[in-house]
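A quick write-up on the structure given underneath.
Since this is a predicted model, take the numbers as computed values, not measurements. First listed ligand is number 1; within each ligand, the first listed atom is number 1.
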Amino acid sequence: MKGTQTYISENKDRFVSELIDLLKIPSVSADPSFAGDVVRTAEIVASRLTEAGAENVEVCATAGYPIVYGDRIFDASLPTVLVYGHYDVQPADPIDLWTSPAFEPVIKKTEIHPEGAIFARGACDDKGQMYMHVKAFEAMMKADELPCNVKFMIEGEEEVGSENLGIFVENNHERLKADIILVSDTGMLSNDTPSITTGLRGLSYVEVEVTGPNRDLHSGLYGGCVANPINILAQMIASLHDENNKITVPGFYDKVINLTDEERAEMAKAPFSKEAYCKALDIEEVMGENGYSTMERGSIRPTLDVNGIWGGYTGEGAKTVIASQAFAKISMRLVPDQDPEEITKLFLNHFESIAPKGTKVKVTPHHGGEPAVTPIDSLGYKAASMAYEKTFGKKPIPVRGGGSIPIVAMFEKELGLKSVLMGFGLDSDAIHSPNEHFGLFNYNKGIETIPYFYSSFTELVK
Ligand code: BES
Ligand code: MN
Ligand code: MN
C-alpha cells in the first residue's frame, strides 16, 4: 500500500476541496423543496466514482431518491467488498444557531480539532465519511494496489428511513453479491483512542395524538371541568419512566439480551470521563436508567425519548385556552433482540390503555429498524482492527454504538452479509445539530486507513 499512501499524501488538499464542493449542495432528503439538489448530488457522486476508476456506474432510479451504484471487479475468485454510505443529509435547522451557513463549508480550528475541521451539514454524517471511500478507492486504483473487488452502493434516503434501499436490495441480490459490507457512518472514541463500532441500536418511532374536547375552549369557562389534552399528554409521557428511569411499557424489556459481567467489565475499560462529558454539555449531572453507566445507557440499553411536543398556544404573550389536541413524537432506541414492530405494538397498547376517560388517543408508527451487532471474532472486524492499528499505531477498542443504521440489519437478512462499521467521526462533531463538522485529521486518517482494510481482509479471506 506504499504507492497508495504516497498518492494520498500528495493529493490531500485536492481531496479536501472536492469534499467542500460536495458539501455545498443541500441534499436534504426530508424536505421536498431540496429534491433537485438531492438528485444533483447523486449525479455528482456517480461522476466522482467514474473518475476514481469505477465501472458500471449507474444512478439507479427508485420510487424516491436514486441509489448510486458502481463497481470494479477484477476476478470472481477474489473477495468482494461492498461499500455502503449515504449522500443525503439532515435538515440544517435551527439555522440561526450555525456560526457559518450550513451549506457554505469553512475550515475552522477547534479545541478537539487543532488541525482544523470542515463545518457544514453532512461534513461528518455522511458525505465526508462516504467520500473517504471514493478517495481511498481512487488512490488504490492509481497506485494499482487494489487487492480485491469493490462495489459501491450510496443511497440518498438514509436520514428518512431507507425505504427504497430495502426494495433495491431485494431486487438486486446478484449485483450486490459480496463477502462483507463496509460502512463509515459511525464514530470513534477520540482521535487518540481509535475504536470500532460493534453494534447499532434499533429504532421504533411513533407519533402520538391526544384529543379532548371537540374544539379549543376558554380556559376560564371550561378549565378544571374537562380533560386538558396537553396536561394529560404530559402526565402520560411522564408515566413512561418509573423512579429508576426504567421504561414502564409492559413487556418492553422482555427480549433484551443482557450483557454478561465479563462483557460489561470489558466495556468499562474504554476511557470515559463523566466530568468532561458534563462539561462539554454544560450539565451538572448525567441521568439515566439506574444500575448502568453512561456508556451502557447510551449503547447496550434501550431508551424512550420524546423528540418533539406541541399543542395549544405558543405565540407571543398569553392566550387563555384549553387546546382540543396535543401531540408528541417519541423514539425508542432498541437493543438485541428487541423487535421494532413488536415494541411499537406494545407501546401502542400501553399508551391507549393509560388514556383517561374523556380523551382519545391515536398512535401513528413511523419508520423503524432492527438493532445489529458485528462480532469481534469475524474476519471483517479483524481486518478493520488491523487497519486502524497500522495508521493509529494502536489497537482499536470495540464499542457498541448508540445510533441506528436500520439498513445494516436488513443487509444481514436479505444478503446474508455482516457489516463492518469503520467510523471516523467524533461524538462532539455535532451530527444532526447546528455546526456539524468533520476533522481534517479524521477525514485524512479515514482515507489512509481504508486501503489497509482491503489488504488485510483480502489476506484473511485467502
Ligand atoms: N450515521 C447516523 C447513525 C449513527 C451515528 C450511528 C453515529 C452511530 C454513531 C445515521 O445517519 C442516522 O442519523 N441514523 C438515524 C436513524 C435513521 C432511521 C433516521 C438515527 O440514528 O437517528
Ligand atoms: Mn449517517
Ligand atoms: Mn444521520
Side-chain angles (χ1 to χ4, degrees), residues 23 27-31 38 41 64-65 83-93 102 120-133 153-166 181-190 195-207 270 295 298-300 302-308 329-335 340 343-344 365-374 398-411 419-434 436-438 442 446:
L23 290 168
S27 51
V28 179
S29 50
D31 182 346
V38 183
T41 306
Y65 291 122
V83 175
Y84 163 79
H86 63 95
Y87 64 81
D88 65 319
V89 302
Q90 284 277 322
D93 58 85
R121 170 59 81 230
C124 177
D125 184 11
D126 180 44
K127 278 177 175 164
Q129 297 212 69
M130 173 275 288
Y131 205 60
M132 295 181 318
H133 285 273
M153 172 171 60
I154 316 294
E155 72 153 319
E157 299 186 315
E158 196 280 337
E159 301 292 7
V160 290
S162 304
E163 228 171 273
N164 291 297
L165 182 68
I181 298 178
L182 179 57
V183 185
S184 294
D185 194 22
T186 53
M188 56 180 193
L189 288 172
S190 75
S195 61
I196 297 174
T197 305
T198 54
L200 293 162
R201 286 196 281 193
L203 185 68
S204 165
Y205 201 109
V206 295
E207 193 165 322
M295 284 273 255
S299 61
I300 59 158
T303 59
L304 183 153
D305 277 292
V306 178
N307 293 240
K329 289 185 194 272
I330 297 173
S331 70
M332 288 162 275
R333 295 279 169 177
L334 311 178
V335 301
I343 292 292
T344 301
H366 282 267
H367 59 73
E370 283 173 42
V373 281
T374 309
V399 173
R400 288 267 295 264
S404 308
I405 310 176
I407 211 72
V408 167
M410 204 281 275
F411 289 152
S419 296
V420 176
L421 304 165
M422 284 178 68
F424 294 89
L426 301 181
D427 282 358
S428 53
D429 286 345
I431 63 169
H432 293 208
S433 300
E436 174 178 355
H437 54 280
F438 192 35
N442 305 68

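In terms of protein heavy-atom proximity, atom 19 (C) of ligand 1 is nearest to Glu159 O, 3.7 Å. In terms of protein heavy atoms, atom 3 (C) of ligand 1 is closest to Ser404 O, 3.5 Å. In this structure, the protein non-hydrogen atom closest to atom 11 (O) of ligand 1 is Glu158 OE1, 2.6 Å. In this structure, the protein non-hydrogen atom closest to atom 4 (C) of ligand 1 is Asp185 O, 3.6 Å. Looking at atom 9 (C) of ligand 1, its nearest protein heavy atom turns out to be Thr186 CA, 3.8 Å.
At least one donor-acceptor pair closer than 3.5 Å links the side chain of Ser27 to the backbone N or O of Tyr87. Between the Thr374 side chain and the Val420 main chain, no donor and acceptor come within less than 3.5 Å of each other. The main-chain N or O of Leu189 is found under 3.5 Å from a side-chain atom of Ser195 such that the two form a donor-acceptor pair.
Considering only heavy atoms from C-beta on, Met132 stays 4.5 Å or farther from Asn442 through its side chain. Using a 4.5 Å heavy-atom cutoff, the side chains of His86 and Tyr65 are not in contact. Proximity of Ile405 to Thr186: side-chain heavy atoms (C-beta onward) are separated by under 4.5 Å at one or more points. Contact of the Val83 side chain with the Met153 side chain is not registered, since no non-hydrogen atoms from C-beta on lie closer than 4.5 Å. Within the 4.5 Å cutoff, no side-chain heavy atoms of Arg201 are placed close to those of Pro302. Using a 4.5 Å cut-off on side-chain heavy atoms (C-beta onward), Leu165 and Glu158 make no contact.
Counting the atoms of ligand 1 from 1 in the order shown, those under 4.0 Å from a heavy atom of Pro406 are 18 (C). Close approach of ligand 1 to His367 is summarised as follows: ligand atoms under 4.0 Å from at least one heavy atom of the residue are 18 (C). Annotation for ligand 1: atoms under 4.0 Å from non-hydrogen atoms of Ile431 are 5 (C), 7 (C). Atom numbering of ligand 1 starts at 1 in the shown order; those under 4.0 Å from a heavy atom of Arg333 are 20 (C), 21 (O), 22 (O). Heavy-atom contacts of His86 reach the following atoms of ligand 1: 11 (O) (cutoff under 4.0 Å). Which parts of ligand 1 touch Gly403 is read off a 4.0 Å heavy-atom cut-off, strictly below it: atoms 6 (C), 8 (C), 21 (O).
Atom CD in Glu436 sits 6.0 Å away from atom CG in Asp125 (nearest 0.5 Å).
Listed by chain and number, the protein N, O or S atoms at a distance under 2.8 Å from the Mn ion (ligand 2) are His86 NE2, Asp125 OD1, Asp185 OD1, Asp185 OD2.
Around the CD atom of Glu163, the shell of radius 6.0 Å holds no more than 12 heavy atoms that belong to other residues, nucleotides or ligands. Heavy atoms from other residues, nucleotides or ligands lying under 6.0 Å from CG of Asp31 number more than 12.
As for His432, its N/O/S atom nearest the Mn ion (ligand 3) is the one called NE2.
Residue contact check for ligand 1: Asp125 places a non-hydrogen atom closer than 4.0 Å to it.
Residue His432 has at least one N or O atom closer than 3.5 Å to an N or O atom of ligand 1.
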